[in-house]
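What's counted below: heavy atoms across the whole structure, side chains too, no hydrogens, waters or symmetry copies. Just so it is clear: chains get the letters A, B, ... in the order the sequence lines come, proteins before strands, and each one is counted from 1.
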Protein chains: 2
Amino acid sequence: MSNDTEPEEPVGKLEVWCAGKEWCPVTTTSSLICKKWHPVIIHRLLEHGPSGFNELKENVDGISSKVLSDSLEDLGEKQLVDREIISEKPFRVQYSLTPHGESLEEIIYAMQEWGLEHLTEPSEKSSSLV
Amino acid sequence: MSNDTEPEEPVGKLEVWCAGKEWCPVTTTSSLICKKWHPVIIHRLLEHGPSGFNELKENVDGISSKVLSDSLEDLGEKQLVDREIISEKPFRVQYSLTPHGESLEEIIYAMQEWGLEHLTEPSEKSSSLV
DNA sequence: CTGAATCCTAAAGGATACTG
DNA sequence: CAGTATCCTTTAGGATTCAG
């Protein structure tokens, strides 16, 4: 146990299998979060904090219930997102980032900044890149 | 001045369509680079510089020719990677990052650092997360 | 050797409708 | 409110084969 200037990371590292012969942090990180909606979902949870399903669906503008549900399940399995039932009577659920999920903020904000810097909305007439 | 080998962001922003009603930099950035192998390919091009096809295939350990070829084509369409034919006789091609591609390094290295910090290779006995 | 083209299967993702 | 359940289309990706 060396220095501990950083906030406590109580859980251990996530064990993630790698495609190639030698384990690679880029390959494996990519395998965790490089799905179409994952970065956006994580971003919205970072921005708005713990959210209910429909609240999240609102914020992740453009996603369908099915895909949001699937994505959250996947993120749950990967231990990046937690799901908590906060009420049974009016059934309510809350999604939040785990410590590992929170720690993705550097990546997510790097993506956001890059997008702001390098991308733009297509103008009316030009139908460009996907 | 004004010669070909000028980096320095001469090009404008890339026009990228967004799924939701309001354009979002995270959503759109995600749509560009969040494919299984894209971050790794970009990472290897950052690390090793312009590379030939098989050199790249070596470095992107675990990828098949077909998938590498498809991925490079996709990255080419998105103007993140350039393809240059450097020899016809022994047919040789060189792939390199465009200025926009290079500028992804913050994101890619953020992913690398995160992976090193939060992920680990599965131990022998435990078959864990994908 | 170089890389590209085929074939095929497995996922991912979207539209819609419907439950407790 | 918080999802499932279907259905369906598209895409990703792996194995293999082909061509220069």
Which is the 5'-most and which the 3'-most nucleotide of DNA chain D that has an atom under 4.0 Å from a heavy atom of chain A? D:dC1 to D:dT6
Give me the atom names and distance for the closest heavy-atom approach of B:Lys57 to B:Ser65. CE-OG, 3.3 Å
Please confirm whether the backbone N or O of B:Lys13 pairs with a side-chain atom of A:Thr120, one donor and one acceptor, at under 3.5 Å? no
Could you tell me, to 10°, how much the axis swings from one end of the helix from C:dC1-D:dG20 to C:dG20-D:dC1 to the other, five pairs per end? 30°
Can you find a heavy atom in the side chain of B:Glu121 that is under 4.5 Å from one in the side chain of A:Cys18? no
How far apart are the closest heavy atoms of A:Thr28 and A:Cys24, and which atoms are they? OG1-O, 2.8 Å
Heavy atoms only, 4.0 Å cut-off, all strands: where does B:Ser69 land among base, sugar-phosphate and nothing? sugar-phosphate
Is atom CD of B:Glu55 surrounded by more than 12 heavy atoms (other residues, nucleotides or ligands) closer than 6.0 Å? yes
Tell me, do B:Lys35 and B:Ser71 make a side-chain contact under 4.5 Å, heavy atoms counted? no
Between A:Thr29 (side chain) and A:Pro25 (backbone), is there a donor-acceptor pair under 3.5 Å? yes
Hey, is the main chain of B:Lys21 close enough, under 3.5 Å, to the side chain of A:Asp61 for a donor-acceptor pair? yes
Rounded distance [0.5 Å steps], CG in B:Leu68 versus CG in B:Leu75: 9.5 Å
Compare all side-chain heavy atoms of A:Asp74 with those of A:His38 and state whether any distance is below 4.5 angstrom. yes
What does the B/S/- profile of nucleotides 7-13 of chain C look like, 5' to 3', with a 4.0 Å heavy-atom cutoff to protein? B----SB
Residues in residues 82-95 of chain A with a heavy atom under 4.0 Å of DNA chain D, by number, are A:Arg83, A:Phe91, A:Arg92, A:Val93, A:Tyr95
Quick check: do A:Cys34 and B:Trp37 have side-chain heavy atoms less than 4.5 Å from each other? no
Mind checking whether B:Trp114 and A:His100 have parallel, tilted or perpendicular rings, split at 30° and 60°? perpendicular
Side-chain heavy atoms of A:Arg83 within contact of A:Val93, under 4.5 Å: yes
Contacts under 3.5 angstrom, residues 42-52 of chain B side chains, donor-acceptor by atom type, not counting sequence neighbours:
| residue | atom | partner | partner atom | Å |
| --- | --- | --- | --- | --- |
| B:His43 | NE2 | B:Gln112 | NE2 | 3.4 |
| B:Arg44 | NE | B:Asn59 | O | 2.9 |
| B:Glu47 | OE2 | B:Tyr109 | OH | 2.7 |
| B:Ser51 | OG | B:Gly49 | O | 2.6 |

B:Val60 vs A:Thr27 side-chain heavy atoms within contact, under 4.5 Å: no
Among residues 52-59 of chain B, which ones have heavy-atom contacts with DNA chain C below 4.0 Å? B:Phe53, B:Asn54
